Amino acid sequence: MVEMDGENKQKVTPGDILGKAAELKAGKGTYAAVNAAGVKLIYASLTGCISLSPPPPDSPDKRAVVEVTGHKAHGAVPEPGCTVLARVKKVMAKMASADIMCVGSKSIRENFTGIIRQQDVRATEIDKVDMHASFRAGDIVRAVVLSLGDARAYHLTTAKNELGVVSAESTSGETMIPISWTEMQCPVTGQIEQRKVAKIGN
């Protein structure tokens, strides 16, 4: 939900659309993803205020950079059953680790780590899951908290159609377009990469 605060700054919550990627560049507290109509949009990943900054004078990219500054005072804590957005940090053979960015529509107050185990990636053919074909470092993932695991790391699951990778960059740095449940494509090079793709809403 987008609203204005006392200083006339737009307030946003995670998932709010900030604008088109053709006109804005994703900065801190935001991510780029392609919607159901195939339009590349910038979304908020934090609860906070929008700020726009002009590109550097010598930059060939003339888009303004949009950022969301989070309100740490209203931080949330992950709990079992909550939907979270997380940025994948490391992918290993049996699991992936991720930094949880927000819980539902609320920013988090402190750093929380999420773990997606091989058996929690999808609901079918669990024994055939390839972690490196499901996630890559830097991906933005929508997941549900299963439980608090060990060492302050939460166990997360993406084993539903609407859960999984919502935003990913190709090796050439472009925001990829989902083309199936298991594949995303770079719009520039045409290169196809495998992911556990989240179903896009209408």
Side-chain angles (χ1 to χ4, degrees), residues 14-46 52-56 58-68 83-102 114 116 118 120-122 124-125 128-143 156-202:
D16 283 347
I17 296 171
L18 307 181
K20 293 181 179 178
E23 300 160 2
L24 296 170
K25 188 175 181 181
K28 293 178 182 177
T30 74
Y31 64 94
V34 179
N35 69 2
V39 180
K40 186 174 165 184
L41 300 171
I42 308 293
Y43 297 86
S45 63
L46 297 174
L52 289 173
S53 53
D58 56 349
S59 171
D61 192 337
K62 299 304 178 188
R63 294 175 298 170
V65 178
V66 61
E67 295 186 349
V68 175
T83 299
V84 300
L85 275 182
R87 186 184 300 273
V88 177
K89 192 165 55 174
K90 188 176 181 182
V91 181
M92 294 154 274
K94 297 289 186 183
M95 66 179 189
S97 64
D99 292 325
I100 296 173
M101 301 188 298
C102 60
I116 305 171
Q118 185 180 27
D120 298 322
V121 172
R122 65 185 186 213
T124 58
E125 297 184 313
K128 295 181 181 177
V129 170
D130 180 346
M131 295 303 296
H132 293 281
S134 303
F135 311 108
R136 300 271 176 92
D139 289 355
I140 305 294
V141 175
R142 184 189 300 124
L156 308 178
T157 177
T158 57
K160 288 185 178 179
N161 289 347
E162 66 272 19
L163 304 177
V165 177
V166 296
S167 178
E169 285 190 357
S170 66
T171 51
S172 60
E174 296 291 329
T175 301
M176 294 196 292
I177 299 168
I179 56 174
S180 74
W181 296 110
T182 58
E183 294 175 322
M184 299 181 94
Q185 185 173 30
C186 175
V188 175
T189 65
Q191 180 181 346
I192 294 173
E193 297 183 21
Q194 290 185 305
R195 292 291 197 283
K196 195 292 179 183
V197 181
K199 182 181 179 183
I200 303 173
N202 294 324

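Please read these numbers as outputs of a predicted model, since none were measured by experiment. Residues take their numbers from the sequence shown, with the count starting at 1.
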What distance do [X] atom [atom1] and [Y] atom [atom2] have between them, rounded to the nearest 0.5 Å?
X: Leu163; Y: Leu156; atom1: CG; atom2: CG; result: 10.0 Å
X: Ser180; Y: Ile192; atom1: OG; atom2: CD1; result: 8.0 Å
X: Thr158; Y: Arg122; atom1: OG1; atom2: CZ; result: 10.0 Å
X: Ile179; Y: Gln185; atom1: CD1; atom2: CD; result: 4.5 Å
X: Leu52; Y: Leu24; atom1: CG; atom2: CG; result: 6.0 Å

Side chain to side chain, [X] and [Y], heavy atoms closer than 4.5 Å:
X: Val68; Y: Asp16; result: no
X: Val65; Y: Ser53; result: yes
X: Val34; Y: Val39; result: no
X: Thr171; Y: Gln191; result: yes
X: Ile17; Y: Ile42; result: no
X: Tyr31; Y: Leu85; result: yes

Side-chain donor or acceptor of [X] paired with backbone N/O of [Y] under 3.5 Å:
X: Thr189; Y: Cys186; result: no
X: Ser45; Y: Gly29; result: yes
X: Thr157; Y: Asp120; result: yes
X: Arg63; Y: Ala22; result: no

Using the test salt bridge (charged side-chain N to carboxylate O under 4.0 Å, His left out), find all partners of Lys94 that sit at least two apart in sequence or belong to another chain.
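With sequence neighbours excluded, Lys94 shows a salt bridge (charged side-chain N to carboxylate O under 4.0 Å, His left out) to no residue whatsoever.
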Taking Lys89 first and then Asp99, would you say they form a salt bridge - that is, a charged N and a carboxylate O separated by under 4.0 Å?
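Looking at Asp99 together with Lys89, the answer is yes, because their closest N to O distance falls below 4.0 Å.
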When you look at Lys25 and Asp61, which way does the side chain to side chain contact (heavy atoms under 4.5 Å, CB included) test go after all the steps?
CA-CA 9 Å; Lys25 188 175 181 181; Asp61 192 337; 3.8 Å; yes
For Lys40, does the NZ atom have more than 12 heavy-atom neighbours from other residues, nucleotides or ligands under 6.0 Å away?
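Atom NZ in Lys40 is crowded, with more than 12 foreign heavy atoms closer than 6.0 Å.
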Donor-acceptor pairs are to be reported for all side-chain atoms of residues 134-143 against protein atoms at under 3.5 Å, with residues two or more places apart or in another chain.
{"residue": "Ser134", "atom": "OG", "partner": "Asp130", "partner atom": "O", "Å": "2.9"}
{"residue": "Arg136", "atom": "NE", "partner": "His132", "partner atom": "O", "Å": "3.4"}
{"residue": "Arg136", "atom": "NH1", "partner": "Glu193", "partner atom": "OE1", "Å": "3.1"}
{"residue": "Asp139", "atom": "OD1", "partner": "Arg195", "partner atom": "NE", "Å": "3.4"}
{"residue": "Asp139", "atom": "OD1", "partner": "Arg195", "partner atom": "NH2", "Å": "3.3"}
{"residue": "Asp139", "atom": "OD2", "partner": "Arg136", "partner atom": "N", "Å": "2.8"}
{"residue": "Asp139", "atom": "OD2", "partner": "Arg195", "partner atom": "NE", "Å": "2.7"}
{"residue": "Arg142", "atom": "NH1", "partner": "Glu162", "partner atom": "O", "Å": "2.7"}

From Val129, Val121, Thr182, residue fulfilling side-chain contact (heavy atoms from CB on, under 4.5 Å) relative to Lys196:
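Only one option passes, and that is Val121.
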Does the pair Met184 and Val165 meet the rule for a side chain to side chain contact (heavy atoms under 4.5 Å, CB included), with working shown?
CA-CA 10 Å; Met184 299 181 94; Val165 177; 4.0 Å; yes
